[in-house]
Amino acid sequence: MQNFHPRHFAIVPAAGSGSRMGASQPKQYLELLGKPLIRHSLEVLCATPEIDKVFVVLSVGDAEWKRHDWSGLGPKLVPLFCGGATRADSVLGGLRAIAREAEQSDWVLVHDAARPCLARWHIEKLIRDLAHDEVGGILAVPVADTLKRADAHRHVLETVPRDSLWQAQTPQMFRYVMLRRALEAASNVTDEASAIEAAGLRPRLIEGDATNLKVTYPLDLHLAEWILTNRESR
Ligand SMILES: Nc1ccn([C@@H]2O[C@H](COP(=O)(O)OP(=O)(O)OP(=O)(O)O)[C@@H](O)[C@H]2O)c(=O)n1
Ligand SMILES: C[C@](O)(CO)[C@H](O)COP(=O)(O)O
């Protein structure tokens, strides 16, 4: 199962429609600081020496990708027009598309196109902390607020203890064959870790930070702009 020098491939699912954003085009192509939102994390992934290739999973009918010039990101970047109906389908499509290239124990880092504030240190910490892990893991942050469970009328039913609760982020990093098998067997999962958990394994939580937010609603676009403009290098 283990090869001596497993490679690291990034898969960036970017075949969503951005329905919660309510914009006229999918959010991955919305302008953020003068470039398509997706370009921010692609630049960081492509510039990370540990990452060998960056596969972007686009919807089959994506007509926007070709309207932009991606040549500045170099030869690591490979578009794959094989997105599916759900995020998990898109990731699985990407994994199948790279089957000839990837070996069983190569690492795959799945990163949402909708998380433009990914920093180099996020990737390097994930890769470093999981280097000797059999299963893999995900970036995540501990829940900071007091949590309430509501009834159908938004009255509080209970306060949920937040101890040991974490918010999942991406990248999520697993071995190629383990992730592919887990996603093939899973149903209704919203992240890779859920598929791995369903296979009876325990992904590790690697602490990231709240700046790696997912752009889901219009306000998030403003937050992302602020973060990218004001980020200090670490
Ligand atoms: N069929 C899908 C659905 C989602 N994604 C990708 O998965 C990531 C996270 O999903 P989400 O934020 O839910 O994006 P959308 O599905 O585009 O948004 P919404 O749920 O609001 O429609 C995004 O980069 C999105 O492009 C994908 O590749 N294929
Ligand atoms: C993978 C993810 O970004 C982790 O927080 C999230 O699960 C994607 O969820 P969504 O339901 O597709 O927005």
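Predicted, not measured: the structure shown is a model, and the values here were computed from it. Residues: numbered from 1 along the sequence shown. Counting starts at 1 for both ligands and their atoms, in listed order.
- Contact annotation: G83 has no heavy atom less than 4.0 Å from any atom of ligand 1.
- M21 shares a hydrophobic cluster with L30, L32, L33, L37, V215, L221, L228; the chain of contacts runs through ILVMFWY side chains whose heavy atoms sit under 4.5 Å apart.
- Annotation for ligand 2: atoms under 4.0 Å from non-hydrogen atoms of R20 are 10 (P), 13 (O).
- Proximity of Q167 to ligand 2, defined as any heavy-atom pair under 4.0 Å, is not found for any part of the residue.
- Interface of R87 with ligand 2, defined as ligand atoms under 4.0 Å from a residue heavy atom, comprises 1 (C).
- Contact annotation: the side chain of I98 approaches that of I11 to within less than 4.5 Å [non-hydrogen atoms, C-beta and beyond].
- Ligand-side atoms of ligand 1 in range of S17: 17 (O), 22 (O), range being under 4.0 angstrom from any heavy atom.
- Atom 26 (O) of ligand 1 has its closest protein heavy atom at G16 N, 3.0 Å.
- In terms of protein heavy-atom proximity, atom 17 (O) of ligand 1 is nearest to G18 N, 2.8 Å.
- Atom CG of residue D62 and atom CZ of residue R67 lie 9.0 Å apart, to the nearest 0.5 angstrom.
- Ion pair R204/D133 flagged as a salt bridge, since at least one NZ, NE, NH1 or NH2 atom sits closer than 4.0 Å to an Asp/Glu carboxylate oxygen.
- Within the 3.5 Å criterion, the main-chain N or O of I123 finds no donor-acceptor partner in the side chain of R128.
- Contact annotation for A85 and ligand 1: only backbone heavy atoms (N, CA, C, O) come within less than 4.0 Å of the ligand.
- For atom 2 (C) of ligand 1, the nearest non-hydrogen atom from the set T170, D191, T86, T190 belongs to T86.
- Atom 1 (N) of ligand 1 has G84 O, 2.9 Å as its closest protein atom, hydrogens excluded (heavy atom only).
- The shortest heavy-atom distance from R115 to ligand 1 is not under 4.0 Å.
- K66 forms a cation-pi arrangement with F81, by the criterion of a distance under 6.0 Å to the ring centre and an angle within 45° of the ring axis.
- The shortest contact between atom 8 (C) of ligand 1 and any protein heavy atom is with D112 OD1, 3.5 Å.
- No option in E134, R175, R7, M178 other than R175 meets the side-chain contact (heavy atoms from CB on, under 4.5 Å) test with S105.
- Ranking protein heavy atoms by distance to atom 5 (O) of ligand 2, first place goes to A168 O, 2.7 Å.
- Residue contacts with ligand 1: A14 is included, with a non-hydrogen atom under 4.0 Å away.
- In terms of protein heavy-atom proximity, atom 3 (O) of ligand 2 is nearest to D112 OD2, 2.5 Å.
- When hydrogens are left out, the protein atom nearest atom 29 (N) of ligand 1 is S90 OG, 2.7 Å; that is the closest non-hydrogen contact.
- The CG atom of D106 sits 12.0 Å away from the NZ atom of K53 when rounded to the nearest 0.5 Å.
- The shortest N or O to N or O distance between A15 and ligand 1 is under 3.5 Å.
- By heavy-atom distance, the residue among K27, H111, R87, Q28 lying nearest atom 11 (P) of ligand 1 is K27.
- Side chain of K76 to backbone of I51: a donor-acceptor contact under 3.5 angstrom is found.
- At the shortest separation from atom 20 (O) of ligand 1 among protein heavy atoms lies R20 NH2, 3.0 Å.
- Distances shorter than 4.0 angstrom do not occur between any heavy atom of T216 and any atom of ligand 1.
- Where the criterion is an N or O separation shorter than 3.5 Å, residue side chain and backbone included, T190 meets it with respect to ligand 2.
- Atom CD1 of I138 is separated from atom CD of E192 by 9.0 Å, given to the nearest 0.5 angstrom.
- At least one heavy atom of R115 sits under 4.0 Å from some atom of ligand 2.
- Taking only nitrogen or oxygen atoms, main chain and side chain alike, P13 reaches within less than 3.5 Å of ligand 1.
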